[in-house]
Amino acid sequence: MQENLKTIILGSGPAGLTAALYAARANLQPVVLAGMTPGGQLMQTTEVENFPGFVEGILGPELMTNMIKQAERFGAKILQETAVSVDFSKKPFSVKTEKAEYLAETVIVAMGAEANWLNLTNEQRLRGHGVSACATCDGFFFKGKEVVVIGGGDSAMEEAIFLSKFANKVTVMHRREEFRASKIMLERAKHHPKISFVTNIEVLDVLGAEKVEGLSLKNAVTGEASEFKTDGLFLAIGHTPTTKIVAGQIELDKKGYIVVRDNTHTNIEGVFVAGDINDPRYRQAITAAGMGSMAALDVEKYLAAQE
Ligand code: NAP
């Protein structure tokens with residue numbers, strides 16, 4: 001058991017690592033429970049073009065590795081452990097991982113969000129055999145093949161463009177006519193010679209015994225059923241906040257996001273929040289990082305007031 005921590009940070013995306021940087025610089029000796037893949041969602045992206053300060057863009061994994069090193073430089077301890085349960089009912093707060101228990105005066109919850117799935121009958125069975133929610137992880141396996149991307153947001157456009165580097169043909173399928181994606185991303189995908197679009201379409205199931213061979217579809221307007229041959233199915237249909245271990249202890253909104261009061265405070269005094277786990281709206285690396293810095297500053301202020 002590790003006791004007497006001033007602060008423990010759950011999560012190692014831009015929110016958690018920026019909180020760690022600020023907390024370390026404030027001499028709070030933060031411990032970060034980074035999970036098995038430190039760096040969060042950006043470890044699974046390619047080029048990040050909208051994080052200020054990088055004129056030519058930066059690779060997601062490189063950005064996150066830099067954030068880890070920067071926080072460590074000031075004394076943050078980044079542990080490759082996953083929080084499996086928390087007890088926020090008494091102080092000091094307890095956080096357990098599969099290896100140890102940590103007791104801390106404050107907690108910053110920054111565990112981000114996870115990819116959504118369509119919950120089709122054969123989806124999970126064929127996961128890793130053509131079904132994926134991460135183009136940057138699995139795109140390489142589709143060299144010379146044909147793939148489908150589901151979704152109409154920026155992620156779908158980004159994944160389609162990325163997959164076009166490997167696949168011969170990428171089809172974006174979206175359930176409506178209008179797209180949620182930003183104009184620039186949509187235009188980029190629409191003008192790409194390898195990418196085509198199908199709208200008003202619903203996926204009923206994934207076809208294939210050992211690996212993905214096609215999709216069973218339904219036209220959302222006419223109701224007409226059809227099949228579509230493809231080697232891969234990539235989902236880009238949004239995310240769900242990673243609140244499983246804190247649910248029941250922290251106040252959540254009806255979509256499962258942590259409710260904040262007064263910037264980064266939760267309903268539990270001493271427990272703070274930062275990043276996508278609180279943010280269904282902006283979900284940007286820069287907004288998560290900004291909120292991470294705010295949470296660390298709020299922790300510092302809170303601890304000073306306790307003394
Ligand atoms: P999103 O904007 O929420 O889009 C999700 C898409 O999936 C929507 O088009 C939605 O359709 C569709 N969808 C959701 N559930 C579905 C279902 N059950 N069946 C079929 N389709 C479904 O999520 P996102 O694209 O992951 O983007 C999240 C945030 O990150 C956004 O703010 C985005 O701007 C940002 N982002 C930015 C970049 C970038 O700038 N480089 C890259 C990626 C993401 P409907 O439209 O019909 O709801």
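Values reported hereafter were calculated over all heavy atoms of this structure, with side chains retained and with hydrogens, waters and symmetry mates removed.
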Chi angles and distances behind the ring pair (Phe, Tyr, Trp, His ring centres under 6.0 Å) call for Phe272, Tyr302: CA-CA 10 Å; Phe272 299 79; Tyr302 170 81; 5.8 Å; yes
Leu217 vs Glu202 side-chain heavy atoms within contact, under 4.5 Å: no
Under 3.5 Å side-chain donor-acceptor pair for Gln41 and Asp276: yes
Side chains of Ser132 and Asp138, donor plus acceptor under 3.5 Å: yes
Test item: side-chain donor near acceptor, Ser216 and Asp205, under 3.5 Å: no
Donor-acceptor side-chain pairing of Arg127 and Gln124 below 3.5 angstrom: yes
Ala23 to Ala296 - nearest heavy-atom pair and separation: N-CB, 3.8 Å
Close side-chain approach of Met111 to Ile277, heavy-atom, < 4.5 Å: yes
Side-chain heavy-atom pair Thr82, Thr97 within 4.5 angstrom cut-off: no
Any donor-acceptor N or O pair under 3.5 Å, side chains Ser164, His192: yes
Closest heavy-atom pair and its distance - Ala156, Val149: O-CG1, 3.7 Å
Minimum heavy-atom distance between Thr266 and Ile258, given as atom pair plus value: CG2-CG2, 3.9 Å
Which atom of Lys169 lies closest to which atom of Ser196, heavy atoms considered: CE-OG, 4.3 Å
Residue pair Thr287 / Asp279, side-chain heavy-atom distance below 4.5 Å: yes
All salt bridge (charged side-chain N to carboxylate O under 4.0 Å, His left out) counterparts of Lys99, not counting sequence neighbours: none
Ring centers of Phe142, Phe166 separated by less than 6.0 Å: no
NZ/NE/NH1/NH2 to OD/OE distance under 4.0 Å, Glu251 and Arg261: yes
Taking every non-hydrogen atom, the tightest pair across Ala34 and Ile78: CB-CG2, 3.7 Å
Side chain to side chain, Glu3 and Pro92, heavy atoms closer than 4.5 Å: no
Backbone N/O of Pro280 and side chain of Lys255: donor-acceptor pair under 3.5 Å: no
N/O donor-acceptor pair under 3.5 Å between Glu81 side chain and Leu33 backbone: no
Over all atoms of both residues, closest heavy-atom pair of Leu10 and Ala83: CD2-CB, 4.3 Å
Sidechain-backbone polar pair: Glu123 side chain, Leu118 backbone, donor-acceptor under 3.5 Å: yes
Parallel, tilted or perpendicular: rings of Phe197 and Phe179 (30°, 60°): perpendicular
Donor-acceptor side-chain pairing of Thr230 and Glu146 below 3.5 angstrom: no
